There are 2 protein chains.
Amino acid sequence: MELNSYKTDQRILIAVDCIILGFDGEQLKVFLAQKELNSANNWSAIGSFIQPEETSEDAAGRLLYQVTTKANVYIEQLHTFSALDRDPAARVVSIVYLALINIADYHEQVHFPHDTKWFSLNNLPPLMLDHRDMILKAHARLREKVVTNALGFELLPKKFTMSHLKSLFEAIYGSPLDRRNFIKKINSLGILKRLNEKEKESSRKGAFYYVFNNSKYVAFERVDAKRK
Amino acid sequence: MELNSYKTDQRILIAVDCIILGFDGEQLKVFLAQKELNSANNWSAIGSFIQPEETSEDAAGRLLYQVTTKANVYIEQLHTFSALDRDPAARVVSIVYLALINIADYHEQVHFPHDTKWFSLNNLPPLMLDHRDMILKAHARLREKVVTNALGFELLPKKFTMSHLKSLFEAIYGSPLDRRNFIKKINSLGILKRLNEKEKESSRKGAFYYVFNNSKYVAFERVDAKRK
DNA sequence: CCAAAAGTGTTTAAACTACACCCATGC
DNA sequence: GCATGGGTGTAGTTTAAACACTTTTGG
């Protein structure tokens, strides 16, 4: 910015909104809050004004911790929205983050001061302001990054089967995948470790559990970077 | 954000910075301004505080127009920086944009109130605040997007030869490319149109000029989107 | 013994890589 | 006539896509 114009009086407020995505085994879901009853478009992403002593990352982390009460949740900056009329009550610029969590851990929404609910991305409720755009952009980002980065495992529990993983990718892409080719490709990345343990609920035969192997993932990232 | 806390008095200023990239035929360059003489780290990206009645896109466009005096310049939002200590003089959050221009059009820097200069990305001057991070992030974004999106043509003049284009991609990737394979790949995208006109300066034989075919590009984009 | 999901392999096509020779022309 | 950059093709490898049968076991 221009150093010689610090005098500018902007009166613009800065908010942070978190698009928190989860996966219920069948569909991608987003965690929304309802702040005012009897309002038409009253669902919104989890958000807050940024505090003077915190960064936008701090604020996003604070919101996320409020929802999850966990550290080390995957989060990345998505986009900053600054349309003049995006909030009729005041001039508010919103820095939006995308977070991915394992939905199963948070079905009971403890410690959150609003009415909250998970909504399928295919069936969003009326949303306030430009929060629908935020959610669509979050979904688009996830679709893009899941190809190159080994992203998306954050949406599953620690242990998962190949069927779970395939369902997740199908939900993200919105189209069916060939089971054999999918498994082949995932295995070729070398980022999963098969456990000697089977999930027995969804089939007679039982399906092996896998865990995401973080160390191998780092190696994969380096290879990918070098290739470019 | 939370509607019930509009009272928050933040006193955080919002700036917009533009990382303007160009290509001089050999190297990627960034357009920087020097605002204060006799200061150690005194080069910076083109920036300004956001005005109360403009969006961040407006502000970025305004800055860009100041430099280029042209409309229709490629620009996209890059990242928002909000570290507490990023500007010692005040709490400033900066929304950063990435712009790509044809450097040849702007060697004489008209209408700009500061000392300005193009710097090679490989040889950056001392930069104020976190502007070095911004530039590195811009370069990274360009590297990522140039693969999937047919981006980067904005950095070349309307007419260019395959050698020019190859040099550009080599500068973006930072590594040499095989001429034959490169041309084959570019042609397979069907986004270029060969003119019946040759550039005769850099070789005896002369090299065909090409132009970027926007309509074909749109088709390419659609195909790509559907594939996902 | 059968229903339901798990597990596995092959064939074909497409994309990418490496690599070498001829062309046109100004000097 | 030769040096310089321009233009093109092919063979080998890797990766992606299409596709079907066998395995396990609870009921």
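These numbers come from a predicted model, not from an experiment. Residue numbers start from 1 in every chain, and the chains themselves are labelled A, B, ... in the order their sequence lines are given, proteins ahead of strands.
- The base of D:dG7 sits within donor-acceptor range of the side chain of B:Arg179, with an N or O pair under 3.5 Å.
- Side chain of A:Arg141 to backbone of A:Gln77: a donor-acceptor contact under 3.5 angstrom is found.
- Using a 4.0 Å cut-off between charged nitrogen and carboxylate oxygen, A:Lys159 and A:Glu199 do not count as a salt-bridge pair.
- A centroid separation of 6.0 Å or more is found between the aromatic rings of A:Tyr209 and A:Phe160.
- A straight line from CD of B:Glu201 to C1' of D:dG6 spans 16 Å, rounded to a whole angstrom.
- Following rounding to the nearest Å, B:Phe182 (CZ) and D:dT8 (P) show an atom-to-atom distance of 15 Å.
- Distance, B:Leu189 CG to C:dC16 C1': 13 Å, rounded to whole Å.
- The closest side-chain donor-acceptor pair between B:Lys184 and B:Asn187, if any, does not fall under 3.5 angstrom.
- Rounded to a whole Å, the CG atom of B:Asn181 is 16 Å from the P atom of D:dT14.
- Looking at A:Lys205, its side chain comes within 3.5 Å of the base of C:dA6 through a donor and an acceptor atom.
- If you measure from atom CG of A:Asp178 to atom C1' of C:dG9, you get 12 Å, rounded to the nearest angstrom.
- Of the candidate nucleotides C:dT25, D:dA20, C:dC16, C:dT25 has the atom lying nearest to any side-chain atom of B:Lys200.
- For a distance-only test at 3.5 Å, the side chain of A:Arg180 qualifies as a donor-acceptor partner of the base of D:dA20.
- Here the closest heavy-atom approach between residue B:Lys200 and residue B:Gly206 is recorded as CD-CA, 4.1 Å.
- Remark: A:Ser163 is in phosphate contact with C:dA6, judged by side-chain N or O atoms under 4.0 Å from OP1 or OP2.
- Computed from coordinates, the A:Leu177 CG to D:dC19 C1' distance equals 16 Å when rounded to whole Å.
- If you take NZ of A:Lys184 and P of C:dG9, they are 10 Å apart, rounded to a whole angstrom.
- The nearest heavy atom of DNA chain D to A:Ser188 and to B:Phe208 marks one nucleotide each, and the one closer to the 5' end goes with B:Phe208.
- A straight line from CZ of B:Arg204 to C1' of D:dG1 spans 12 Å, rounded to a whole angstrom.
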